[in-house]
Amino acid sequence: MARHLITSALPYINGIKHLGNMVGSMLPADVYSRYLRQRGHDVLYICATDEHGTPAELAAKEQGIPVADFCAQAHDAQKAVYDGFALAFDYFGRSSSPQNVEITQHFARKLHENGFIEERAIRQVYSPADGRFLPDRYVEGTCPHCGYDKARGDQCENCTRVLDPTDLINPRSAISGSTDLEVRETKHLFLLQSKLQREVMEWVARHDGVWPHLASSIAHKWLTEGLHDRAITRDLDWGVPVPADTWPELAAEGKVFYVWFDAPIEYLGATKEWSDQDPENRDWKSWWYDVDTDVRYTQFMAKDNVPFHTVMFPATELGIREPWKKVDFVKAFNWLTYYGGKFSTSQKRGVFTDQALEILPADYWRYFLIANAPESDDSSFTWEHFTATVNKDLADTLGNFVNRVLSFSRKRFGDDVPAGGAPGEAEAKLGEQIAELLAEYEGHMEALQFRKAAAALRALWSAGNSYLEEKAPWLEIKTDKDGAALTLRTAMNLIHLYAVVSEPFIPTTSAAMRQAFALNDDTATWVSADEAKSLTSVPAGTPFTVPPVLFAKLSDEDLETYKERFGGE
């Protein structure tokens, strides 16, 4: 089987992420990873917290704790939420790790050796009161375009205009609040992306027709506009230090690499973190170095991260002149909106992942988000849509099927799977239908078409309900007890099949469905076409239990409570 390397965009360290972040990278990566593992592939799913940059320093300052302590606490808080969502990372690392420092510095040295980094003097805001140069986000003031008085030196959050610190009216230090600011000359390292433009264009062109349109179009747009040389260092206390053996003057001044430069390298850094935990059995370079034909690398991200992963980081990798693995497939997502407006971490607009888990178990959210993933265009979260999806698909179509089959069988036949007669025409027809729907589901999963995969999974669940309504064992038992027993045994085999193939979407519920049957050797990781046709994985005589309600229906009162708490039209 193939080896699959999977990464999702690194969640930034400052705060718990909202549902849009979840569906835009980590959750679909988890669904795909789980599916590939079930199909027998060797999978390594890597992610990490992105911990460098000015927002981390500012957030730590607000809490009055050292930035290293803030990042450690925030990492643990985020990881707890992702565990709650049942994200099965092979490793969830930290961009502040020694491994990332080591690899980032190695990349910078190689780029320098190959003539793709140079030192340049620039003019930057300096605060005498703070005794330091101020990176863009450390300068606040009034936006010259809309008058917003808390605009940052890189962008106005109110009108979204891109700014320079010198554009701000009445600028002040975000550290001390001092308005006594100067513009002084300082030196920084620049990555000469302009010299790598042609190579990046050729590399992106090789993926035309392979990557989804969203990823390709964004990459080509950036390349058409031209790659510009870009500063890769900042004046911060927190970050990957510029190595003193290569740039002693800048190292002495405390320069660190800009977060956009070191964050993508953390995919390698986190893999090395994983490997270093068990070096005798894990080799991180076997996934990253000189493995173009051995490893298929898939990245998951929302569209705002696409330029960094399709243009800027590939430029870094190309400039190193070493055979590091480059991405094969970029699965990019549009935005999940909240009633048509943006989710916003800073403005606390929308549902955040920790709040979601306070309301309902993870599988409710996992299914809804993937079934409505913003693949071809933006999609909107509304409480009305969420409630309707939960009630129709999860509670009625799947949950009710499981409950009524098992409850009715226990009531009429006891605690073992009934035998019944030999399968007939209805069972043969059902088996063919299930095999066809399973093949459709597999095809969409292989193509990373998540909404279509969810629709195919829903159709599998619906097929069981249609069979049950057609056979009506509650009527059948009055005239043909063996026939009713066959119907229920067939339906129980459907429940087991659903437990196996639904696991990428709803892993906790799938486990509960599977554990309902006391099978001695239940090691199935997937269901073959022949197994789907025969529906015989749970033989007669197998003890079973009726699990608690899998999915509770949401009421109109629940809907109003959610809207009152979070807002909604």
Side-chain angles (χ1 to χ4, degrees), residues 9-15 21 50-62 67 95 120-127 130 132-179 181-191 193 218 222 225-240 254-264 301-309 311-313 335 342-347:
L10 308 185
Y12 197 68
I13 196 66
N14 64 335
N21 297 125
D50 180 5
E51 299 187 5
H52 294 138
T54 54
E57 285 195 1
L58 292 173
K61 179 179 177 294
E62 285 182 11
V67 64
S95 68
R120 293 181 181 177
I122 64 171
R123 294 179 65 78
Q124 190 174 341
V125 174
Y126 184 86
S127 171
D130 299 307
R132 61 180 291 177
F133 285 97
L134 301 180
D136 298 349
R137 288 199 175 198
Y138 275 42
V139 185
E140 296 178 343
T142 300
C143 175
H145 303 287
C146 71
Y148 181 60
D149 65 358
K150 293 183 178 62
R152 300 189 305 254
D154 60 344
Q155 187 176 31
C156 174
E157 190 178 72
N158 186 57
C159 69
T160 73
R161 295 285 190 95
V162 175
L163 302 170
D164 288 319
T166 53
D167 295 334
L168 295 173
I169 300 169
N170 300 322
R172 60 187 179 275
S173 166
I175 302 172
S176 63
S178 174
T179 58
L181 305 181
E182 304 171 1
V183 177
R184 295 186 183 180
E185 186 174 279
T186 186
K187 291 182 178 179
H188 281 285
L189 298 179
F190 278 71
L191 177 61
Q193 294 185 137
I218 292 174
W222 272 63
E225 293 173 356
L227 293 187
H228 302 289
D229 302 339
R230 185 164 179 175
I232 59 170
T233 54
R234 282 289 188 269
D235 293 282
L236 293 171
D237 296 326
W238 177 248
V240 175
K255 308 286 186 185
V256 301
F257 287 106
Y258 194 7
V259 62
W260 77 263
F261 181 74
D262 83 84
M301 70 201 65
K303 59 186 176 184
D304 58 331
N305 277 312
V306 168
F308 293 99
H309 294 79
V311 175
M312 296 167 72
F313 186 52
W335 302 126
K342 283 186 177 181
F343 281 83
S344 173
T345 301
S346 59
Q347 296 182 8

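Taking 4.5 Å as the limit, every side-chain heavy atom of Asn170 sits out of range of all side-chain heavy atoms of Thr179. Within the 4.5 Å cutoff, side-chain heavy atoms of Glu51 are placed close to those of Ile13. The shortest distance between side-chain heavy atoms of Tyr138 and Asp235 does not fall below 4.5 Å. Using a 4.5 Å cut-off on side-chain heavy atoms (C-beta onward), Pro171 and Pro165 make no contact. Side-chain atoms of Pro55 and Tyr12, non-hydrogen and from C-beta on, do get closer than 4.5 Å to each other. Using a 4.5 Å cut-off on side-chain heavy atoms (C-beta onward), Gln193 and Arg230 make contact. Residues Ile122 and Phe190 meet the side-chain proximity criterion, which asks for heavy atoms closer than 4.5 Å. With contacts defined as side-chain heavy-atom distances shorter than 4.5 Å, the pair His52/Ser95 qualifies.
Contact detail for Ser127 and Leu181: the closest heavy-atom pair is CB-CD2, 3.8 Å. Shortest non-hydrogen contact noted between Asp237 and Arg132 is OD2-NH1, 3.5 Å. Contact detail for Tyr148 and Ala151: the closest heavy-atom pair is CD2-N, 3.6 Å. The two residues Asp229 and Arg120 come nearest to each other via the heavy atoms OD2-NH2, 2.7 Å. Counting all heavy atoms, side chain and backbone alike, Pro135 lies closest to Thr54 at CB-CG2, 3.7 Å.
For the atom pair CE of Met301 and CG of Asn21, the computed distance is 14.0 Å after rounding to the nearest 0.5 Å. Once rounded to the nearest 0.5 Å, the distance linking CD1 of Ile169 with SG of Cys143 reads 7.5 Å. Rounded to the nearest 0.5 angstrom, Asn305 CG and Leu10 CG are separated by 8.5 Å. Rounding to the nearest 0.5 angstrom, the gap separating the CZ atom in Phe133 from the OG1 atom in Thr186 is 4.0 Å. Rounded to the nearest 0.5 Å, atoms CD1 (Ile175) and NZ (Lys61) are 7.5 Å apart.
Asn14 places no side-chain N or O within donor-acceptor distance of the main-chain N or O of Ala56, the cut-off being under 3.5 Å. Between the side chain of Glu140 and the main chain of Gly153, no donor-acceptor pair closer than 3.5 Å is present.
When only modelled atom types and interatomic distance are considered, Asp130 and Ser176 share a side-chain donor-acceptor pair under 3.5 Å.
Counting non-hydrogen atoms of other residues, nucleotides and ligands closer than 6.0 Å to NZ of Lys303 gives a total above 12.
Between Val139 and the choices Leu134, Thr166, Asp167, the side chain to side chain contact (heavy atoms under 4.5 Å, CB included) rule is met once, by Leu134. Exactly one residue among Arg234, Lys187, Glu185, His188 makes a side-chain hydrogen bond (donor to acceptor under 3.5 Å, both in side chains) with Gln124. That residue is His188. Of the candidates Leu189, Val240, Leu191, Val256, Leu189 is the only one forming a side chain to side chain contact (heavy atoms under 4.5 Å, CB included) with Thr233.
If you look at Phe308 and Phe313, their ring centroids are not closer than 6.0 Å.
Residues Asp154 and Arg152 are paired through a salt bridge, judged by an N-O separation under 4.0 Å between the basic side chain and the carboxylate.
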For Thr142 and Leu168: C-alpha separation, side-chain torsions, deciding distance, then whether side-chain contact (heavy atoms from CB on, under 4.5 Å) applies. CA-CA 6 Å; Thr142 300; Leu168 295 173; over 6 Å; no
